[in-house]
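Worksheet: one structure, shown below.
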Amino acid sequence: MKQFLSIHPIVQKALDNNQAVVALESTIISHGMPYPKNLETALMLEDEVRKNGAIPATIALINGKIKVGLTKEELTYLAKEGTKVIKTSRRDIPYVLAKKLTGATTVATTMIAAEKAGIAIFATGGIGGVHRGASKTFDISADLQELAHTNVAVVCAGIKAILDLELTLEYLETLGVPVLGYKTDELPAFYTRKSGFKVDYNMQNPQEIADLLKAKWNLGLKGGVVLANPIPEASSMDFDEMTMAIDQAIIEQNKLGIKGKESTPFLLAKVKELTQGKSLESNIELVRNNVILASKLAVAYVKTTL
Ligand code: PSU
Ligand code: MN
């Protein structure tokens, strides 16, 4: 494992001293936003982690290594390369490493890297899930299987709204993954605070969540947890406008025959276009909000002995 894992000295020192660390993914940088907004956002998110008492560890695959904690040069490189870097989910890892290519990590791969490095808390925008029409296409994100097996808590604004939220919740239930709401009974829908679906449990503070994580993992129950944190009211989108944009994006996707790993980046980019860029601003604010909660959770988690 040592051969492939490269942990930044600042991150390693924090881990050795039992300090709070928050993992961050890199596909949102490469595939989620245009340059230079993506670089500004990546740096802003790392700052938010520090301001909230934790150490950030953005993760990517570079030159044959899984890098946990990136330098500013590495972040800049990823941001500039954009979609030229390989969106790396679990099945892509061996190829990208063996060929010494550059890979941006999805939720699944960020969880794998975080667990190997010893990081329990990870913040992102939204998790992948069961795509609409999956009964025919079988398009179900590897993020869900990862949540079943890998011991990392994923702080997100819910399941990406372009997906089938109801089927994703059923799938997570089957896999035994708790879906927690932060100060809400209702599952947020990424760009909006409401979805019409319920979370499993409404959690009121980071300590309560840290206690739940310790209970799960000390018992040896493998797998992750979804902590769904609603987008702040001021940044949330209009539900009907979003529904229309998503429906239209899916129509265009089907017309163009876009499938597989291109599906999620295409839909998110199309929704951004159809909302005249407004969804991108929401996306940035919801990730910021998740990073703040994840940092507070990481601080509570390292102090919790159960
Ligand atoms: N944000 C984007 N584009 C993306 C993703 C996030 O703007 O492609 C990634 C996330 O990293 C998430 C992944 O884990 O999409 C899910 O993709 P798939 O459905 O192919 O597993
Ligand atoms: Mn897929």
Side-chain angles (χ1 to χ4, degrees), residues 23-35 37-39 41-42 45 58-61 78-79 81-93 96 103-114 122-148 150 152 154-165 167-168 171-172 177 190-191 224 226 231 245-246 249-250 253-254 257-275 277 279-288 290-291:
L24 300 167
E25 70 156 291
S26 46
T27 300
I28 48 178
I29 304 172
S30 61
H31 287 64
M33 294 168 202
Y35 181 81
K37 192 121 216 165
N38 55 356
L39 178 60
T41 303
L45 295 174
T58 307
I59 293 172
L61 278 59
L78 278 176
E81 287 290 290
T83 52
K84 277 188 268 173
V85 311
I86 299 175
K87 175 181 161 187
T88 309
S89 198
R90 172 181 264 267
R91 57 111 191 254
D92 309 295
I93 297 173
V96 173
T105 56
T106 62
V107 168
T109 298
T110 310
M111 289 179 74
I112 294 169
F122 159 32
T124 185
I127 59 166
V130 180
H131 281 260
R132 300 184 193 181
S135 60
K136 282 217 176 65
T137 63
F138 267 48
D139 191 351
I140 299 171
S141 175
D143 292 354
L144 300 184
Q145 284 295 329
E146 212 55 58
L147 280 159
T150 303
V152 173
V154 183
V155 184
C156 58
I159 300 152
K160 287 187 201 297
I162 53 167
L163 301 167
D164 189 319
L165 304 192
L167 294 189
T168 304
Y171 202 97
L172 287 169
V177 178
F190 199 62
Y191 306 109
V226 174
I231 184 172
I246 292 167
I250 291 172
Q253 175 197 13
N254 292 336
I258 287 162
K259 292 188 195 148
K261 70 192 288 187
E262 273 81 47
S263 180
T264 300
F266 173 84
L267 290 171
L268 292 172
K270 193 44 96 182
V271 164
K272 180 189 134 198
E273 196 184 302
L274 293 167
T275 59
S279 70
L280 177 61
E281 291 309 315
S282 288
N283 203 338
I284 293 169
E285 289 310 313
L286 67 85
V287 191
R288 184 209 296 273
N290 296 339
V291 160

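In each ligand, atom 1 is the first atom listed, and ligand 1 is the first ligand listed. The figures here come from the full heavy-atom set of this structure, side chains too, leaving out hydrogens, waters and symmetry mates.
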- request: List the closest protein heavy-atom neighbour of atom 4 (C) of ligand 1: residue, atom name, distance to the nearest 0.1 Å.
  value: Thr27 CG2, 3.7 Å
query: Is Asp139 close to ligand 1, meaning an N/O of one under 3.5 Å from an N/O of the other?
result: no
query: Sub-3.5 Å donor-acceptor pair from the side chain of Lys160 to the main-chain atoms of Gly126, do we have one?
result: yes
message: Taking Val130's backbone N and O only, do any of them form a donor-acceptor pair with Thr168's side chain (distance below 3.5 Å, no angle check)?
response: yes
task: Would you confirm whether Thr27, through its side chain, and Thr105, through its main-chain N or O, come within 3.5 Å as a donor-acceptor pair?
output: yes
message: Against ligand 1, does Ser89 come closer than 4.0 Å with any heavy atom?
response: no
Closest protein heavy atom (residue, atom, distance) for atom 6 (C) of ligand 1: Lys160 NZ, 3.2 Å
message: Quick test of your reading: applying salt bridge (Lys or Arg N to Asp or Glu O under 4.0 Å), list the pairs with at least one residue in residues 131-148, sequence neighbours left out, ordered by first then second residue.
response: Arg90-Glu146, Arg132-Asp247
- line: In this structure, CE of Met33 is separated from NZ of Lys272 (nearest 0.5 Å) by 9.5 Å
- prompt: Nearest non-hydrogen atom to atom 17 (O) of ligand 1 belongs to which of Glu262, Lys261, Lys87?
  reply: Lys87
query: Within the structure, does Thr264 bring an N/O atom to less than 3.5 angstrom of an N/O atom in ligand 1?
result: yes
query: So, Glu285 versus Tyr191: side-chain donor-acceptor pair below 3.5 Å or not?
result: no
query: Where does Met33 meet ligand 1, judged by heavy-atom distances below 4.0 Å: at the side chain, the backbone, both, or neither?
result: neither
- prompt: Does the N or O separation between Ser141 and ligand 1 drop below 3.5 Å for any pair?
  reply: yes
query: Any donor-acceptor pair under 3.5 Å linking the side chain of Glu25 with the backbone of Thr106?
result: no
- prompt: Which residues and atoms, counting only protein N, O or S, are under 2.8 Å from the Mn ion (ligand 2)?
  reply: Asp139 OD1
message: Please list, in number order, the atoms of ligand 1 under 4.0 Å from a heavy atom of Gly32.
response: 2 (C), 7 (O)
field: Closest approach of any protein heavy atom to atom 1 (N) of ligand 1, naming residue and atom
entry: Ile28 CG2, 3.4 Å
message: Give me the residue, atom name and distance of the protein heavy atom closest to atom 2 (C) of ligand 1.
response: Leu268 CD1, 3.3 Å
message: Check whether Asn283 reaches the backbone of Ser279 with its side chain - one donor and one acceptor, N or O, closer than 3.5 Å.
response: no
Thr106 contact mode with ligand 1 (heavy-atom cut-off under 4.0 Å): both
- request: Let me see the working for Leu45 and Val287 under side chain to side chain contact (heavy atoms under 4.5 Å, CB included), right down to the final yes or no.
  value: CA-CA 8 Å; Leu45 295 174; Val287 191; 3.7 Å; yes
message: Would Ile231 and Phe190 count as a side chain to side chain contact (heavy atoms under 4.5 Å, CB included) here? Give the steps.
response: CA-CA 7 Å; Ile231 184 172; Phe190 199 62; over 6 Å; no
field: Val107 contact mode with ligand 1 (heavy-atom cut-off under 4.0 Å)
entry: both
task: Using distance alone, with no hydrogens and no angle criterion, decide if Ser263 and Gln253 have a side-chain donor and acceptor under 3.5 Å apart.
output: yes
statement: Output for pair (Leu280 CG, Ile284 CD1), nearest 0.5 Å, gives 4.5 Å
Identity and distance of the protein heavy atom lying nearest atom 11 (O) of ligand 1: Glu25 OE1, 2.7 Å
- prompt: Which protein heavy atom lies closest to atom 12 (C) of ligand 1, and at what distance to 0.1 Å?
  reply: Asp143 OD2, 3.4 Å
message: Name the residue from Thr124, Ile28, Leu144, Ile112 that meets the side chain to side chain contact (heavy atoms under 4.5 Å, CB included) definition with Val107.
response: Thr124
task: Using a strict cut-off of 4.0 Å, indicate which atoms of ligand 1 neighbour a heavy atom of His131.
output: 19 (O)
message: Give the atom numbers and elements of ligand 1 that come within less than 4.0 Å of a heavy atom of Pro265.
response: 8 (O)
- request: Please lay out, stage by stage, how Phe122 and Ile59 fare under the test side chain to side chain contact (heavy atoms under 4.5 Å, CB included).
  value: CA-CA 10 Å; Phe122 159 32; Ile59 293 172; over 6 Å; no
